[in-house]
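Contents: one structure, followed by commentary.
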Amino acid sequence: MASTNALNSSALIGFCFILIISTHAAAITQHRQQHFKQAPKFYNSPTCATAEPEHTHTCWDAAVHVAMTLDITYLRGSMAAILSVLQHSSCPENVIFHFVTAASRVSSSALLNRTLSNSFPYLNFQIYPFNDRQVAGLISTSIRSALDCPLNYARNYLANLLPSSVRKIVYLDSDLVLVDDIAKLAATPLGNDNSNSTVLAAPEYCKANFSAYFTPSFWSNPSLSLTFAGRRPCYFNTGVMVIDLQRWRAGDYTRKIEEWMELQKRMRIYELGSLPPFLLVFAGNIGPVDHRWNQHGLGGDNFRGLCRDLHPGPVSLLHWSGKGKPWARLDANRPCPLDALWAPYDLLQTPFALEA
């Protein structure tokens, strides 16, 4: 029976990679038909710190480090997110981007590098290949196939991928735009070196039904449900996080997440892709961030992607998490009202655009 399960698992992984390769080939073809405009250059305000000659960019204290995954399928969203970060930053020249791409897609990595350099010729960035084939064996199918992409799990490995000199990062998904200075988010306190220190910070949503993120099998197993004993766990969205990479490395949190993924392969304890392992490891032990920094869910739910309104309160970041993406709805002439807030950051060069 075990060998049959292993065979089925191997067959599933093989099928997934065939599907990924075919989808990727189609995405490359589509991208070659897309052209992106060059973004304007943004300059630091007079009050911004400047790097001393002896400092490299990665170990410079005044730098704001931003990590994102990058692939052809979501490139249009990523370009808009990058533009929004730079446009609203008081010190855009101090922002350093760290892009993670799938190592199995060498041709697309070169294409992504070229596209970034053409549209953002002054951008300070580095691209890191992520071994997506290695993590594929740990991934279990979820409620939406897009959530099963190995690159969705790259955020688990940032501490391994980025240089050790990068101590703190802001992680951002590709389906969002900022309308505020990212330096404010990057300055989120994570505590000092005592017991009040935290590894990551993100907006928490304690009114969400936390138990729904895990299966009845999880909650009915005492040894599993006691995972949250002594904690007040709340849902948080992993698309916007401030992470202390030094503490992550010291605590070996990548391995802790992988252990839950390995258990999920043996018994079904959750349904929603890469999020639940983060909740299992960190929920109830994260630093606070104001909700204004992740007005999430604008892409609707994971099934229909229906239009949604903003949550009450101020807005610093709009996030189209969920099935519906603003660029797809705009192209289909079926936009939601809030998609108009994403459109000004769209760098796609349309065939009907007039030359300046």
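Everything numeric here is computed off the predicted structure, so don't read it as measured data.
Between F97 and H65, the distance separating the two ring centers is not shorter than 6.0 angstrom.
By the salt bridge (charged side-chain N to carboxylate O under 4.0 Å, His left out) test, E204 pairs with no residue at all, sequence neighbours left out. Applying the side-chain contact (heavy atoms from CB on, under 4.5 Å) criterion to R255, with sequence neighbours excluded, gives D252, E258, E259, E262. Scored by the side-chain contact (heavy atoms from CB on, under 4.5 Å) test, Q246 finds R167, D244, R249 as partners (sequence neighbours excluded). K41 meets the salt bridge (charged side-chain N to carboxylate O under 4.0 Å, His left out) test with E93; sequence neighbours excluded. Take D180 and apply the salt bridge (charged side-chain N to carboxylate O under 4.0 Å, His left out) test, not counting sequence neighbours, and it matches K184. Take S78 and apply the side-chain contact (heavy atoms from CB on, under 4.5 Å) test, not counting sequence neighbours, and it matches M68, L70, S174. For the salt bridge (charged side-chain N to carboxylate O under 4.0 Å, His left out) test, residues two or more places apart in sequence or in another chain that qualify with D173 are R155. Partners of T188 according to the side-chain contact (heavy atoms from CB on, under 4.5 Å) rule, which considers only residues two or more places apart in sequence or in another chain, are L185, A201, V242, V289.
Linking ILVMFWY residues whenever their side-chain heavy atoms come closer than 4.5 Å, directly or via other members, leaves L83 and Y43 in distinct clusters. The hydrophobic clustering, which links ILVMFWY residues whose side-chain heavy atoms are closer than 4.5 Å, places V85 and Y122 apart.
Of the possible polar contacts, one joining the D181 side chain to the S90 backbone as a donor-acceptor pair under 3.5 Å is found. K168 contributes no side-chain N or O that, together with a main-chain N or O of L245, makes up a donor-acceptor pair within less than 3.5 Å. Between the side chain of N94 and the backbone N or O of A49 there is at least one donor-acceptor pair closer than 3.5 Å. Of the possible donor and acceptor atoms, none in the side chain of R268 sits under 3.5 Å from a partner among the backbone N and O of S217. Panel note: side chain S89, backbone I182; no donor-acceptor pair is recorded below 3.5 Å. The backbone N or O of K37 sits less than 3.5 Å from a side-chain atom of S119, completing a donor-acceptor pair. Panel note: side chain Q264, backbone Y270; a donor-acceptor pair is recorded below 3.5 Å. Under the 3.5 Å distance criterion, the side-chain polar atoms of S84 are matched with a main-chain donor or acceptor of L178. Put simply, the side chain of T254 never gets that close to the backbone of Y157: no donor and acceptor are under 3.5 Å apart. K265 places a side-chain N or O within 3.5 Å of a backbone atom of I139 that can act as its donor or acceptor partner.
To the nearest 0.5 Å, atoms CG (L263) and CH2 (W260) are separated by 6.0 Å. Note: I72 CD1 to R105 CZ = 8.0 Å, rounded to the nearest 0.5 Å. Atom-to-atom distance recorded for F99:CZ and L112:CG is 9.5 Å, nearest 0.5 angstrom. Note that the OH atom of Y128 and the CG atom of N160 stand 13.0 Å from one another [nearest 0.5 Å]. The distance from the CG atom of L176 to the NE2 atom of H319 is 5.0 Å, given to the nearest 0.5 Å. Here the CG-CG distance, from L318 to N294, works out to 9.5 Å after rounding to the nearest 0.5 Å.
Note on ring orientation: taking the six-membered ring where Trp is involved, the planes of F228 and F210 are perpendicular (angle over 60°, cut-offs 30° and 60°). Taking the six-membered ring for Trp and thresholds of 30 and 60 degrees, Y213 and Y235 have nearly parallel ring planes, at less than 30 degrees apart. In this pair, F282 and W248 present their aromatic rings tilted. The plane angle is within the 30 to 60° band.
N44 has its side chain within reach of P92: a pair of non-hydrogen atoms, C-beta onward, lies under 4.5 Å apart. Side-chain contact check for L172 versus V240: some heavy-atom pair is nearer than 4.5 Å. With a 4.5 Å cut-off on side-chain heavy atoms, N237 and L275 do not count as touching. Residues K325 and W342 form no side-chain contact, since every pair of their non-hydrogen atoms from C-beta on lies 4.5 Å or further apart. Side chains of F278 and L200 form a contact here, defined as non-hydrogen atoms less than 4.5 Å apart. For the pair F130 and L151, the minimum side-chain heavy-atom distance is below 4.5 Å. In this structure, F125 and I96 have side chains that are not in contact, with every pair of non-hydrogen atoms separated by 4.5 Å or more. You'll find the side chain of N156 reaches within 4.5 Å of the side chain of M261, heavy atoms only.
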When you look at F214 and L224, which way does the side chain to side chain contact (heavy atoms under 4.5 Å, CB included) test go after all the steps? CA-CA 11 Å; F214 302 95; L224 296 178; over 6 Å; no

Any chance you could lay out the side chain to side chain contact (heavy atoms under 4.5 Å, CB included) test for T69 and Y74, step after step, and finish with the verdict? CA-CA 9 Å; T69 58; Y74 285 92; over 6 Å; no

For side chain to side chain contact (heavy atoms under 4.5 Å, CB included), just list the numbers for I169 and L162, CA-CA rounded to whole Å, side-chain angles, deciding distance to a tenth of an Å, and then say yes or no. CA-CA 10 Å; I169 56 138; L162 272 59; 3.8 Å; yes

Assess the residue pair D175 and W327 against the criterion (side chain to side chain contact (heavy atoms under 4.5 Å, CB included)); give the C-alpha distance rounded to whole Å, side-chain angles, the decisive distance to 0.1 Å, and a yes or no. CA-CA 9 Å; D175 52 355; W327 56 89; 4.1 Å; yes

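When every heavy atom of P277 is checked against every heavy atom of I257, the shortest pair comes out as CB-CG2, 3.7 Å. Closest non-hydrogen pair, A283 versus C234, comes out as CB-O, 3.8 Å. Of all heavy-atom pairs spanning P344 and L341, the tightest one is CD-O, 3.6 Å. Residues G297 and S321 come closest through the heavy atom pair N-OG, 2.7 Å.
Side chains of H291 and H311: a donor-acceptor N/O pair is absent below 3.5 angstrom, by distance only. Between the side chains of T101 and S109, at least one donor-acceptor pair of N or O atoms lies under 3.5 Å. Side-chain atoms of N152 and S274 include no donor-acceptor pair closer than 3.5 Å.
For residues 272-296, no residue pair satisfies the salt bridge (charged side-chain N to carboxylate O under 4.0 Å, His left out) rule, not counting sequence neighbours. A disulfide (SG to SG under 2.5 Å) check over residues 72-126, counting only residues at least two apart or in different chains, returns the pairs C48-C91. Evaluation of the salt bridge (charged side-chain N to carboxylate O under 4.0 Å, His left out) test over residues 331-349, restricted to residues two or more places apart or in two chains, returns R76-D331, R76-D346, R329-D339. Sequence neighbours left out, not one pair with a member in residues 208-235 passes salt bridge (charged side-chain N to carboxylate O under 4.0 Å, His left out).
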